[in-house]
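Taking it in order: structure first as structure tokens, then the write-up.
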Amino acid sequence: GEAEAYVACLQDVSGLHNTRAALDRITHYDPLTGLPNRSLFRDRLQQLLESGGDQGGVGVLLLNLSRFRRINEGLGHTVGDDLLAAVGQRLRHRLAAVNTVARLSADEYGILVADTRGPSGLDLLAQRVLSWLRSPFNLHGHSMHLGAAIGVAISPQDGTAPASLIRAADLALQRARTGPGGPVCFATATAGAAAFEHLILEQALREAIQNGQIRPHFQPQLRLRDQKIMGAEVLARWHHPSMGLVSPGRFIPLAEEAGLIVDLDLAIWRAAATQWRVWIDAGLEPGRLAVNISPHHFAVRGLIPRLRAALAEAGLPASRIEVEITEGALLSPLADVGARLERLRALGVRVAIDDFGIKHSNLVRLLSLPFDRLKLDRFFIEGADRDPRKVALLESLVDLTERLGLEAMIEGVETPAELALAFATGACYAQGFLLGHPLKPGAFEDRLTAQA
Ligand code: C2E
Ligand code: MG
Ligand code: MG
């Protein structure tokens, strides 16, 4: 019963261990900063949520560096990479003991907080993180101060699973980046619901454009001297099956934001131009068709070919068209706005400035850019019969316009007193509810017939 010998088998598995560790690093860590990557971030969040030791709730902070792209493009990718690593190091150094710091994508970092001590504790933390980033990073002879946007979500109110919490923090981050509330925004159940509603509306709008639910209405434009209809402005109306008639004030900004505006305008131009052709062929003489062009058209290529194609399809000559652009479009960062307007006019289209005088009016542009007509914003005529200062402005603007060889049109005439005043200023043209509301095609046709 006594042991005579021991036999031991040994195998050196350090190689295997090292390989496993290396593999783990590759799959769970970001090579540039050495921080956990998105998948480990998610795992750690899952563990925190499961461990339940989070009386104060688990907090998720998503942080996006501002101006990083500019630094990366301006100073080169080596500086960019080193900066990302330095940011990672600084965050890890200050936060490591209690929190997970991860690099989630290009210039986005995530921070997990196990015991948040409520929103105010997280707000404090976010502000501290911002101040750490503000003290300069010295790299390759450059001294860089960074800013960031931070989106914050807390369990359980903003979500109880990793995916929903991260999504909530991400929505908050979007607001922090673009909204007035930044640079730190909190997710709230309401913010999530609003975004969801927005998405549904956006999807509905997309379908509406395809299904022809966005239809043209026509608002008469009159010559003041004899109150003859010289044309109409086409205004988009959304006939929604359950919401009823939705106004452009609501869906144009949505279409611009969702990148649908080019398609929307194209659909309206086509429908309106086709209708115009029908009236011309019927001998009704509708005059000129004014179409609105969103400033967003000036940020993408292809405005002119698209307009030309829509007109060709309808068989309408370009000389029948006036495009209305707002002053904002003239501020487009693409410097060739003037050249584009020239090319529009070379097509034979006329150009009008819409809502002139209330926003970015720069009188120098009146000399440098090619226009045919100024539409003086409703602001000037509204209540002008009770405000002599408005009369002074209006008269001078009309005078200025006509001396520059342009046509003046007064927008938004609503009362007989305003109409009398519009006439007295010497302006040639006017538009407004008194002279005609935006009308369905049938109703506008009746006006044309009555005048014929
Ligand atoms: P806008 O081009 O300045 O069009 C004139 C707006 O003023 C229209 O509103 C019209 O209904 C309204 N209006 C006309 N006369 C009067 C008046 O006497 N009193 C008052 N209070 N308002 C008057 P709407 O149809 O709601 O359109 C709002 C804006 O939406 C338009 O302003 C235009 O910028 C944009 N929009 C409308 N349709 C389109 C479109 O097809 N494409 C693009 N890109 N924008 C459009
Ligand atoms: Mg307009
Ligand atoms: Mg207008």
Side-chain angles (χ1 to χ4, degrees), residues 205 208-209 212-222 224 229 231-239 244-273 275-276 288-300 303 306-307 310 321-329 332 350-361 371-385 408-419 421-422 429-441 443-444:
L205 179 59
I209 295 170
Q213 281 173 14
I214 311 271
R215 293 191 213 131
H217 282 210
F218 298 91
Q219 184 174 34
Q221 297 186 321
L222 281 80
L224 278 166
I229 295 178
E233 174 176 6
V234 54
L235 294 161
R237 296 288 180 267
W238 183 357
H239 297 257
L245 210 61
V246 186
S247 87
R250 187 138 177 243
F251 65 82
I252 297 281
L254 179 65
E256 291 179 336
E257 197 183 308
L260 296 170
I261 189 68
V262 170
D263 288 343
L264 188 152
D265 277 353
L266 199 61
I268 285 289
W269 299 342
R270 280 209 190 102
Q275 177 65 71
W276 219 247
R288 205 178 265 123
L289 174 65
V291 301
N292 290 288
I293 292 197
S294 156
H296 286 244
H297 286 276
F298 287 88
V300 294
L303 163 65
R306 271 193 286 271
L307 182 60
I321 300 291
E322 178 165 282
V323 300
E324 294 191 1
I325 57 176
T326 52
E327 294 167 313
S332 163
R350 290 185 8 136
V351 178
I353 301 282
D354 205 355
D355 308 336
F356 181 80
I358 50 162
K359 274 197 184 147
H360 314 279
S361 306
F371 309 123
D372 300 281
R373 172 180 272 179
L374 291 191
K375 296 185 73 178
L376 306 179
D377 192 85
R378 183 167 92 92
F379 167 83
F380 298 106
I381 193 74
E382 188 187 7
D385 46 314
M409 172 174 271
I410 295 181
E411 286 190 275
V413 175
E414 287 188 351
T415 65
E418 288 172 3
L419 179 62
L421 227 157
Y429 303 92
Q431 183 179 345
F433 289 168
L434 181 74
L435 304 168
H437 280 265
L439 301 168
K440 286 187 180 164
F444 184 67

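As the structure is a prediction and not an experimental result, all values here were calculated from the model. We count ligands from 1, going down the list as the structure has it; atoms in each ligand are counted the same way.
- Scanning the protein heavy atoms around atom 34 (O) of ligand 1, the nearest turns out to be N292 OD1, 4.3 Å.
- Heavy-atom distances between P438 and ligand 1 reach below 4.0 Å in at least one pair.
- No other N/O/S atom of E411 lies as close to the Mg ion (ligand 3) as OE2 does.
- Distances from ligand 1 to the non-hydrogen atoms of H297 include no value under 4.0 Å.
- The minimum distance between the Mg ion (ligand 2) and any N, O or S atom of E233 involves atom OE2.
- The nearest protein heavy atom to atom 2 (O) of ligand 1 is closer than 4.0 Å.
- The closest protein non-hydrogen atom to atom 46 (C) of ligand 1 is I252 CD1, 3.6 Å.
- Closest to atom 43 (C) of ligand 1 among all protein heavy atoms lies D265 OD1, 3.3 Å.
- Nearest N, O or S atom of E324 to the Mg ion (ligand 2): atom OE1.
- Under 4.0 angstrom from ligand 1, there are no non-hydrogen atoms of H217.
- The Mg ion (ligand 2) has an N, O or S atom of N292 under 2.8 Å away, backbone or side chain.
- For atom 6 (C) of ligand 1, the protein comes within 4.0 Å by no heavy atom at all.
- Scanning the protein heavy atoms around atom 18 (O) of ligand 1, the nearest turns out to be F433 N, 2.8 Å.
- At a distance under 4.0 Å, no protein heavy atom can be found next to atom 9 (O) of ligand 1.
- Here the protein heavy atom with the shortest distance to atom 38 (N) of ligand 1 is A236 N, 3.1 Å.
- E233 places no side-chain N or O within 3.5 Å of a backbone atom of Q221 that could act as its donor or acceptor partner.
- The protein heavy-atom contact nearest to atom 28 (C) of ligand 1 is P248 CG, 4.1 Å.
- Under the 30°/60° scheme for interplanar angles, the aromatic rings of H239 and H217 are found to be tilted.
- Restricting D354 to its N/O/S atoms, the shortest distance to the Mg ion (ligand 3) is reached by OD1.
- Shortest distance from the Mg ion (ligand 3) to D355 is reached at OD1 (N/O/S atoms only).
- Counting only heavy atoms of the protein, atom 15 (N) of ligand 1 lies nearest to Q219 NE2, 3.0 Å.
- Ligand 1 is never approached by H437 to a heavy-atom distance shorter than 4.0 Å.
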